[in-house]
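Below you'll find the structure, written out as structure tokens, and then a few comments.
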Amino acid sequence: DTGVSQDPRHKITKRGQNVTFRCDPISEHNRLYWYRQTLGQGPEFLTYFQNEAQLEKSRLLSDRFSAERPKGSFSTLEIQRTEQGDSAMYLCASSSRQGPNEKLFFGSGTQLSVL
Amino acid sequence: GNSVTQMEGPVTLSEEAFLTINCTYTATGYPSLFWYVQYPGEGLQLLLKATKADDKGSNKGFEATYRKETTSFHLEKGSVQVSDSAVYFCALSDRGSTLGRLYFGRGTQLTVWP
């Protein structure tokens with residue numbers, strides 16, 4: 001169990017560029033979540049997958065955002081035409097259980113800075 | 001809708017002091033309640049949880065009781081240590097959704113001095 005891994009740890013980009021982040025969940029965890037955390041705020045839910053199916057998306061996930069989990073293992077989050085307001089920490093979490101005993105394991109996040 | 005309001009920080013305490021971090025919530029149903037902790041440079045970790053009214057969650061000397069009548073889930077510890085310095089997040093999960101869809105408060109930075 002190596003934990004949830006996110007890559008890169010930091011990303012600096014210019015406004016208008018596209019960026020892609022990767023999340024590797026704990027192996028055999030079938031649920032994967034993406035959250036966004038801006039400075040001074042708590043994490044906000046973006047979307048989640050059960051295996052390869054994207055089951056829920058927040059209204060925060062605008063058309064410029066897309067997430068995939070093609071084989072039910074790792075996931076990618078892409079932001080197109082980045083804006084300064086996209087600057088945030090993007091967190092990934094995974095879990096294996098359902099119901100009241102579900103426990104999320106979070107990665108350390110990808111810090112995005114849009115200049 | 002669902003939301004969490006927690007005590008603003010930062011909170012600064014001396015070692016062995018008593019800690020309370022207040023958390024109140026608004027929810028459409030009967031949520032599960034959580035406290036997460038984020039140590040410097042690390043990911044969020046579940047500290048404790050409670051899934052129904054009057055339940056008490058506890059871990060590492062921290063406690064919180066699910067109070068439906070006051071819609072609160074305050075975090076307490078009787079004697080803090082320097083190693084407890086971290087950011088603490090209160091969160092809820094709506095029973096009508098996946099338990100992993102969490103609504104977080106803004107976080108409270110705790111610094112404990114020796």
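Lettering follows sequence order; numbering is per chain, from 1.
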Among A:Gln37, A:Gln6, A:Arg9, A:Glu44, which residue has the highest count of heavy-atom pairs closer than 4.5 Å to chain B?
A:Gln37
In terms of heavy-atom pairs under 4.5 Å with chain B, which of A:Gly40, A:Ser108, A:Ser58, A:Pro43 leads?
A:Pro43
Working for side chain to side chain contact (heavy atoms under 4.5 Å, CB included), residues B:Leu19 and B:Glu76
CA-CA 5 Å; B:Leu19 169 70; B:Glu76 296 182 338; over 6 Å; no
Checking B:Lys52 against B:Asp54 for the salt bridge (charged side-chain N to carboxylate O under 4.0 Å, His left out) test, could you report, in this order, the C-alpha distance in whole Å, the side-chain angles of both residues, the deciding distance, and whether it holds?
CA-CA 6 Å; B:Lys52 61 183 187 296; B:Asp54 299 326; over 6 Å; no
Contacting moiety of [X], where chain A heavy atoms sit under 4.5 Å:
X: B:Phe34; answer: neither
X: B:Leu44; answer: both
X: B:Gln109; answer: neither

Interchain contact, A:Leu55 with chain B, by part (heavy-atom threshold 4.5 Å)
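Contact with chain B is absent: no heavy atom of A:Leu55 under 4.5 Å.
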Measure from NZ or CZ of B:Arg101 to the centre of the six-membered ring of A:Tyr48 and say whether it is under 6.0 Å with the direction within 45° of the ring axis.
no
Under 4.0 Å between a Lys/Arg side-chain N and an Asp/Glu carboxylate O for B:Glu63 and B:Lys56?
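Looking at B:Glu63 and B:Lys56, the cut-off is met.
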Please identify, among B:Leu102, B:Val4, B:Val87, the residue contributing the most non-hydrogen atom pairs under 4.5 Å to chain A.
B:Leu102
Polar side chain donor-acceptor pair, B:Asp94 to B:Thr28, under 3.5 angstrom
yes
